[in-house]
Amino acid sequence: MDLSTLNPKQQEAVTTTEGPLLIFAGAGSGKTRVLVHRMAYLIQERGVKPWQIFAVTFTNKAAGEMKERVGQLLGQRADSLWISTFHSAGVKILRAHIERLKMSPNFVIFDDSEQQTLIKNCLQELDLNPKIFNPRSMGSKIDGAKNELITPEEFPTDDFMGERVAKVYALYQKKLEENNALDFGDLLMKTVKLFEENPDVLKLYTDRFHYLMVDEYQDTNHAQYRLVKLLASDRGNLCVVGDDDQSIYRWRGADVRNILDFHQDFPAAQVIKLEQNYRSTQNILNAAGEIVKGIEGRAQKTLWTENPEGEVLTLCLANTDRHEADFVVGEIQKALEAGTPLNQMAIFYRTNAQSRVLEDSLRRQNIPYVIYGGVRFYDRMEIKDILAYLWVLHNPQDGLHLKRILNVPARGIGKTSVEKLEHLAISQGISLFQALSYADQAGIATKTAKKLLNFVMLLENLKTRLSSQSLSDFVQALMEAIGYLEALKLENTIESESRLENLEELIRVVEEYESQAVEPSLADFLEQVALVNAVDNLDDRQNSLPMMTLHLAKGLEFDRVFMVGMEEGLLPHSRSLDTPEELDEERRLTYVGMTRARKKLYLSHSERRRLYGGERYQLASRFLDEVPEHLVEKKRVPELAPLDFEASFSHQNSRDYALPDREQATPYQIGVRVNHPSFGIGVIRKSEGALEKRKLIVEFPRVGYKKLIAQLSNLTIVN
DNA sequence: AGCAACCGTGTTTTT
DNA sequence: CACGGTTGCT
């Protein structure tokens, strides 16, 4: 097999097949190439059967790409490789053996919002005020426990909060079981449990998988780590790949120590570092390196490249977020005209909410864009409604989804009826679905009871149709049969119009699924839908500009990258300033974003920004100060500071900038930020008069506009 | 039973 | 600002 296209380190990584191996793969060091070649090498040169290899990736998209690339090297043989995410693998394994855990294999998967609903139910049942016991933080505590493989019984109850969380966790878990449902955390935790309690089941897998590979190992959590250890326990041919500098999922339970302590875990481990970068210019690499170099406990490595030095970075300061967006869009327009296709550029931001200004600006310039993440397709109400029907057909025990669709579209089944039904179900120890048929015995009006029976018949009827036609035809028929489309058409608003379009899109998604699935089935489809991430759906539409959060940017690359909102409070985020560990993660996030750029990197920030409803003054991100001066070119937009005082008051998104300030040089220029001993930091709005008598009007976020005499007010210039 | 209007509140990142 | 939850009205 031809390995000559690989560098010596990469070759070593490919041919070191036996025993534990840790590959430190810096950004852009050809990691995927190495993994792909490694699999091909095992099969071609070492006589390993494709089905004896199990590779774990971070996203389904990465899994698909990897499979495809191995296919290019090996052809058909690659089909029986097992490449998937931890979560998908968990589902696959659990579907096959979950009866060992006394659950049935047609379990449903509850996503985030269903988890929230369930937790709210628990809080109500336990008589806990959701204003004090925030369901969101409850959810993240439960997730956290699951990632650490902590059961409700083991959950620490030494403080007041812990005790309550343990109670909610226990009830929540019980409810999941009643619904025959698993949440994301369960997909991992239950798999570990299955293996630990059933060595014979584990053996099926350790016998089968002779070679294990785990990508993005720096972002594995404890449950995933346990899973890896179990699967590698027999042969120990475990190859993990990762980069501690790109660990950005700590908040989700990821533990960098998994990668940093690998050699302690597996004392026989060999370590290979891939340090040559093939992606970015030297300038980009040097700048990015500065951000993470001081992180404590970081594995020592030096990324280098033979690529040219390239352009310097552009660091842009804008008056407002709107100016910033206009600047970015202007640069994109220029690059587009110079021949860079839109899909070779990207805008990254820290929070989803930041996309809005950019969208406005892009729309004004007629530049097509795609947002990854944000309000996800599958989170839309109409999509969730239809999927809820499908889940219920798949598993009638699923009371949560059933409750959602009971009166959707409206069929006169109200809140009180639902409550009565729930009581009936609980008192009789039956599922909500079963309770529907006994409605007349629960003190429910005969009229309503009849409606419920009709509903049951509707579902049963649908179920019989399920096997007789293609899935996409079935979904179409379902939407008609339940009167959903009709109800939307009747509404006849812009809103309902777009919902109808989304449902058409859903049909296309199902068709797409059917065309690519080996064995299309309702269960398999629902599973895929539950586990996709936003980037998985990244269609490489040639002519639209990708926009995404920094987290979603991991693993991608673009010629020109724009990182916006490089401001204190945003990046680093204000919620990540409590501990040094959190701040370090913000550094790595910045690093990940920067190293996505191949040729040119823009970092921008604004002075003023609409945030959380109000307008705020923003300070430049501390990370910007860490980029060496000689690597950047600084820009200021708009280039000319407004002269007219009135104009600076009526800055209602006005794009008419006033004439340049032609007065003599002074440090007290309009737009300059100053610190006042009692008013704090403010921005100069007006500045006039001779040197020692120069009068300023300064806008302070806390106290508003103040007239000051420059010399007397003990001002210092900030930045 | 269902809708509309109100209030208050809490704002990261996502498999 | 945008959402969820509640209230009050029809």
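All values below were derived from every heavy atom in this structure, side-chain atoms included, with hydrogens, water molecules and symmetry-related copies excluded. Chain identifiers are assigned alphabetically (A, B, ...) following the order of the sequence lines, protein sequences preceding nucleic acid strands; residue numbering begins at 1 within each chain.
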Would you indicate what [X] reaches in the nucleic acid, counting non-hydrogen atoms under 4.0 angstrom: base, sugar-phosphate, or nothing?
X	result
A:Asn407	sugar-phosphate
A:Lys120	sugar-phosphate
A:Gly412	sugar-phosphate
A:Ser574	nothing
A:Arg136	sugar-phosphate
A:Ser417	sugar-phosphate
A:Arg588	nothing

Can you tell me the distance, in whole Å, between the [atom1] atom of [X] and the [atom2] atom of [N]?
X	N	atom1	atom2	answer
A:Lys131	B:dG10	NZ	P	9 Å
A:Gln116	B:dG10	CD	P	14 Å
A:Arg356	B:dT11	CZ	C1'	15 Å
A:Tyr378	B:dT14	OH	P	17 Å
A:Ile142	B:dT15	CD1	P	20 Å

**Request:** For the pair A:Gln124 (side chain) and A:Asn121 (backbone), establish whether a donor and an acceptor sit closer than 3.5 Å, ignoring hydrogens and angles.
**Result:** no
**Asked** Got a donor-acceptor contact below 3.5 angstrom from the A:Asp321 side chain to the A:Arg610 backbone?
**Response**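 Checking the backbone N and O of A:Arg610 against the side chain of A:Asp321, a donor-acceptor pair under 3.5 Å is found.
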Looking at [N], I'd like to know if its phosphate oxygens (OP1 or OP2) sit under 4.0 Å from a side-chain N or O belonging to [X].
X	N	value
A:Ser576	B:dT12	no
A:Ser88	B:dT15	no
A:Asn352	B:dT13	yes

**Asked** Under the criterion ring-ring contact (aromatic ring centres under 6.0 Å, His included), which of A:Tyr349, A:Tyr369, A:Tyr602 is the partner of A:Phe562?
**Response**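 Of the listed residues A:Tyr349, A:Tyr369, A:Tyr602, the ring-ring contact (aromatic ring centres under 6.0 Å, His included) partner of A:Phe562 is A:Tyr602.
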**Base B:dT12 to side chain A:His573, donor-acceptor N/O within 3.5 Å cut-off** =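 No pair found.
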**Asked** If you take atom types as modelled and just measure distance, does the side chain of A:Arg350 reach the base of B:dT12 with a donor-acceptor pair under 3.5 Å?
**Response**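 Yes, a donor-acceptor pair under 3.5 Å.
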**Asked** Closer to the 5' end of DNA chain B via nearest nucleotide, is it A:Leu589 or A:Thr448?
**Response**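 Taking each residue's closest nucleotide, the earlier one in sequence belongs to A:Thr448.
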**Message:** With nearest nucleotide decided by heavy atoms, which residue, A:Gly414 or A:Glu586, maps closer to the 5′ end of DNA chain B?
**Reply:**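 It is A:Gly414, whose closest nucleotide lies nearer the 5' terminus.
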**Request:** Shoot me the first and last contacting nucleotide of DNA chain C against chain A, ordered 5' to 3', at under 4.0 angstrom to non-hydrogen atoms.
**Result:** C:dC1 to C:dG5
**Message:** Parallel, tilted or perpendicular, judged at 30° and 60°: which one describes the rings of A:Trp391 and A:His394?
**Reply:** perpendicular
**Side chain of A:Thr351 (C-beta onward), nearest among B:dA1, B:dT12, B:dT14** =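 Per side-chain heavy atoms of A:Thr351, the pick is B:dT12.
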**Fill in**
Side-chain atoms of A:Phe184 come closest, of B:dT14, B:dT12, B:dT15, to B:dT15
**Message:** Can you check the distance between C:dG4 and B:dT13, where both ends of the measurement are the P atom (answer in whole Å)?
**Reply:** 15 Å
**Prompt:** Charged N to carboxylate O under 4.0 angstrom, A:Arg298 versus A:Asp244?
**Reply:**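 Salt bridge: no.
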**Request:** Before giving the answer on salt bridge (Lys or Arg N to Asp or Glu O under 4.0 Å), spell out for A:Arg350 and A:Glu586 the whole-Å C-alpha distance, their side-chain angles and the decisive distance to 0.1 Å.
**Result:** CA-CA 10 Å; A:Arg350 176 68 231 264; A:Glu586 299 289 304; 2.7 Å; yes
**Message:** Listing request: all salt bridge (Lys or Arg N to Asp or Glu O under 4.0 Å) pairs with a residue in residues 118-143 of chain A, at least two apart in sequence or in separate chains.
**Reply:**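 Output for this query lists A:Glu125-A:Lys175.
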**Item:** Within-4.5 Å side-chain heavy-atom neighbours: A:Leu624 and A:His605
**Value:**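 With C-beta onward as the side chain, the pair touches.
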**Request:** Identify whether a stacking contact exists between A:Trp251 and B:dT13, where the ring centres must be under 5.5 Å apart and the planes under 30° apart.
**Result:**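 Here A:Trp251 meets both the 5.5 Å and the 30° conditions.
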